[in-house]
Every structure is written in structure tokens, then in C-alpha cells.
Amino acid sequence: MEYNFKKERNKMIAIGCDHAGCEMKAAIIDALSEKGFEFKDMGCNGEPCDYPVIARAVCEKVLSGECEKGILICGTGIGMSIAANKFKGIRAALCADSFSTKFTRLHNNTNVMCMGARTLGVGVGTELAEIFLTTEFEGGRHQRRIDLITEIENE
Ligand code: RB5
């Protein structure tokens with residue numbers, strides 16, 4: 001499959017990991033750069049670090065509009081997803097299988113995906129990232145549900 005998104009819209013992707021996720025992050029950047037995506041690597045570079053710091057850096061890029069979506073990787077993906085979902089306007093999904101990854105884009109319009117480097121192989125992680133980045137939100141009745149989530153967020 002060939003993607004040529006750069007001319008059409010913002011396909012800049014913010015990506016970050018803690019020390020557990022560097023190998024998977026590098027594999028995703030390598031594989032998906034070849035398919036037309038551009039990445040802003042928000043760290044870490046292998047040194048031990050605290051995942052909420054990286055989650056903040058990636059979410060801020062998405063919320064500012066500089067990046068269209070974000071990818072976060074830690075050991076399980078759970079810490080990253082808890083941290084990312086604290087940011088107003090971020091809908092982060094912990095992704096571990098292709099069906100959920102596809103449907104979280106179609107139905108939840110999630111703008112950040114989180115993955116566990118210690119629970120998924122690099123090959124699976126790369127494939128899920130491609131699904132996440134290439135599946136468009138369906139809109140319609142699903143937008144109403146997202147609006148209801150936003151209402152909760154604003155309470
Ligand atoms: C780091 O050892 C580990 O706690 C982290 O990568 C992540 O799994 C947290 O949810």
C-alpha cells in the first residue's frame with residue numbers, strides 16, 4: 001500500500017516511549033516513514049525515564065495541532081494510556097489487537113494510541129500503528145457519543 005498524505009493534510013505524528021519501548025518506537029518510525037508519515041520523536045532515547053513526562057510531551061503536540069495523532073509506548077502501554085487520558089481533548093486507546101485498533105479509530109476517533117512493548121512484538125506493534133494511522137473516523141452517531149464524552153470532560 002502507498003500513502004501520500006503529506007500534500008493533503010497534516011500527517012505529522014508525535015511518538016514517544018519510555019526506556020521499555022525504544023526498539024518498538026524505532027521500528028515504527030522506520031516502517032511508517034517509508035509510507036509517507038512524518039514523526040516528531042519526543043523521547044526517550046534509551047535512558048531510564050518516567051512515562052508521564054513523555055505522555056505529556058506527545059499529548060501537547062497533538063493538542064497544539066502540530067501533530068495529527070500520537071503514539072505512546074511503555075512496558076504495558078497502561079501507564080501511558082492513564083497519563084494521556086488526563087489531558088482534555090485527548091482520547092487515548094490502549095491497543096493490543098487489530099480489531100480494537102481499527103474500531104477505536106472508526107468509532108472513538110481516538111487521537112493517541114498506546115502500546116505495550118513488553119506485551120506485543122515489534123512486528124505486531126508496527127502493524128497496529130499502521131492500522132491506527134490509516135483508519136478514518138466514521139462520524140455520524142459516533143460523533144454524538146464523543147460529544148457526550150467531551151461534556152463529561154468539561155464538567
Ligand atoms: C517501566 O518499568 C514500566 O513501569 C512502564 O514501562 C510501564 O509499563 C508503565 O505502565
Side-chain angles (χ1 to χ4, degrees), residues 3 5-6 8-22 24-25 28-29 32 35-44 48-122 124-155:
Y3 304 102
F5 294 125
K6 273 182 254 174
E8 297 158 27
R9 47 191 288 207
N10 175 13
K11 284 289 176 184
M12 184 69 77
I13 308 301
I15 190 165
C17 64
D18 73 358
H19 44 281
C22 294
M24 185 183 284
K25 180 178 72 176
I28 290 170
I29 293 173
L32 298 187
K35 298 197 171 187
F37 291 95
E38 289 186 79
F39 290 91
K40 274 213 181 319
D41 186 350
M42 305 309 295
C44 75
C49 68
D50 298 325
Y51 59 82
V53 173
I54 306 291
R56 177 191 290 278
V58 165
C59 290
E60 284 176 349
K61 288 286 176 203
V62 174
L63 290 172
S64 73
E66 197 179 325
C67 294
E68 193 207 40
K69 294 191 187 82
I71 299 178
L72 287 166
I73 307 158
C74 64
T76 59
I78 295 173
M80 286 294 197
S81 60
I82 293 171
N85 277 310
K86 299 294 179 194
F87 290 87
K88 213 170 168 171
I90 295 293
R91 289 177 302 282
L94 176 60
C95 296
D97 67 89
S98 56
F99 186 89
S100 307
T101 301
K102 180 178 167 189
F103 276 84
T104 195
R105 285 289 310 130
L106 289 172
H107 288 185
N108 312 129
N109 200 15
T110 36
N111 47 13
V112 171
M113 83 179 306
C114 304
M115 290 188 286
R118 292 174 179 156
T119 57
L120 302 176
V122 162
V124 172
T126 304
E127 186 166 308
L128 296 184
E130 182 170 351
I131 293 169
F132 187 80
L133 297 182
T134 56
T135 306
E136 295 299 329
F137 177 49
E138 258 178 21
R141 68 188 186 281
H142 302 295
Q143 184 58 54
R144 183 179 70 245
R145 293 161 187 165
I146 287 163
D147 293 343
L148 289 167
I149 294 174
T150 305
E151 255 181 58
I152 295 170
E153 203 172 47
N154 288 332
E155 275 166 17

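Note that the CD atom of Glu68 and the CG atom of Asn111 stand 9.5 Å from one another [nearest 0.5 Å]. Annotation: the span from Ile73 atom CD1 to Met113 atom CE amounts to 8.5 Å, rounded to 0.5 Å.
With contacts defined as side-chain heavy-atom distances shorter than 4.5 Å, the pair Tyr51/Ile82 does not qualify. Residues Leu133 and Lys35 have side chains not in contact (no heavy-atom distance under 4.5 Å, counting atoms from C-beta outward). Contact check for Asp18 versus Cys49: side-chain heavy atoms found under the 4.5 Å cut-off. At a threshold of 4.5 Å between non-hydrogen side-chain atoms, the residues Met115 and Ile28 count as touching. Looking at Met12 and Lys40, their side chains come closer than 4.5 Å, going by heavy atoms from C-beta outward.
Asp41 meets the side chain to side chain donor-acceptor pair (under 3.5 Å) test with Lys25; sequence neighbours excluded. For Ala93, the side-chain contact (heavy atoms from CB on, under 4.5 Å) partners at least two apart in sequence or on another chain are Cys95, Thr104, Thr110. Residues satisfying the side chain to side chain donor-acceptor pair (under 3.5 Å) test with Asn109, not counting sequence neighbours, are Arg105. For Ser98, the side-chain contact (heavy atoms from CB on, under 4.5 Å) criterion is met by Leu128, Ile131, not counting sequence neighbours. Not counting sequence neighbours, the partners of Gln143 by the side chain to side chain donor-acceptor pair (under 3.5 Å) test are Asp147. The side-chain contact (heavy atoms from CB on, under 4.5 Å) search around Arg141 returns Arg144, Arg145, not counting sequence neighbours.
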Side-chain donor-acceptor distances from residues 54-62 under 3.5 Å, at least two apart:
| residue | atom | partner | partner atom | Å |
| --- | --- | --- | --- | --- |
| Lys61 | NZ | Glu66 | OE1 | 3.1 |
| Lys61 | NZ | Glu66 | OE2 | 3.3 |

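The minimum heavy-atom distance between Leu72 and Ala84, with the atom names listed, is CD1-CB, 3.9 Å. Ala129 and Ile71 make their closest contact through CB-CD1, 4.1 Å (heavy atoms, listed as atom of the first residue, atom of the second, distance).
Identified under the ring-ring contact (aromatic ring centres under 6.0 Å, His included) test for residues 56-102, with sequence neighbours left out: Phe99-Phe103. The side chain to side chain donor-acceptor pair (under 3.5 Å) contacts involving residues 80-97 comprise Lys88-Asn154, Asp97-Ser100, where partners must be two or more places apart or lie in separate chains. Sorted by first and then second residue, the ring-ring contact (aromatic ring centres under 6.0 Å, His included) pairs involving residues 55-82 (not counting sequence neighbours) form an empty list. Counting only residues at least two apart or on different chains, the ring-ring contact (aromatic ring centres under 6.0 Å, His included) pairs with a member in residues 124-155 are His107-His142.
Using a distance-only test at 3.5 Å, with no hydrogens or angles considered, no donor-acceptor pair links the side chain of Asp50 to the main chain of Pro52. With Glu130 contributing its side chain and Leu32 its backbone, the two residues share no donor-acceptor pair below 3.5 Å.
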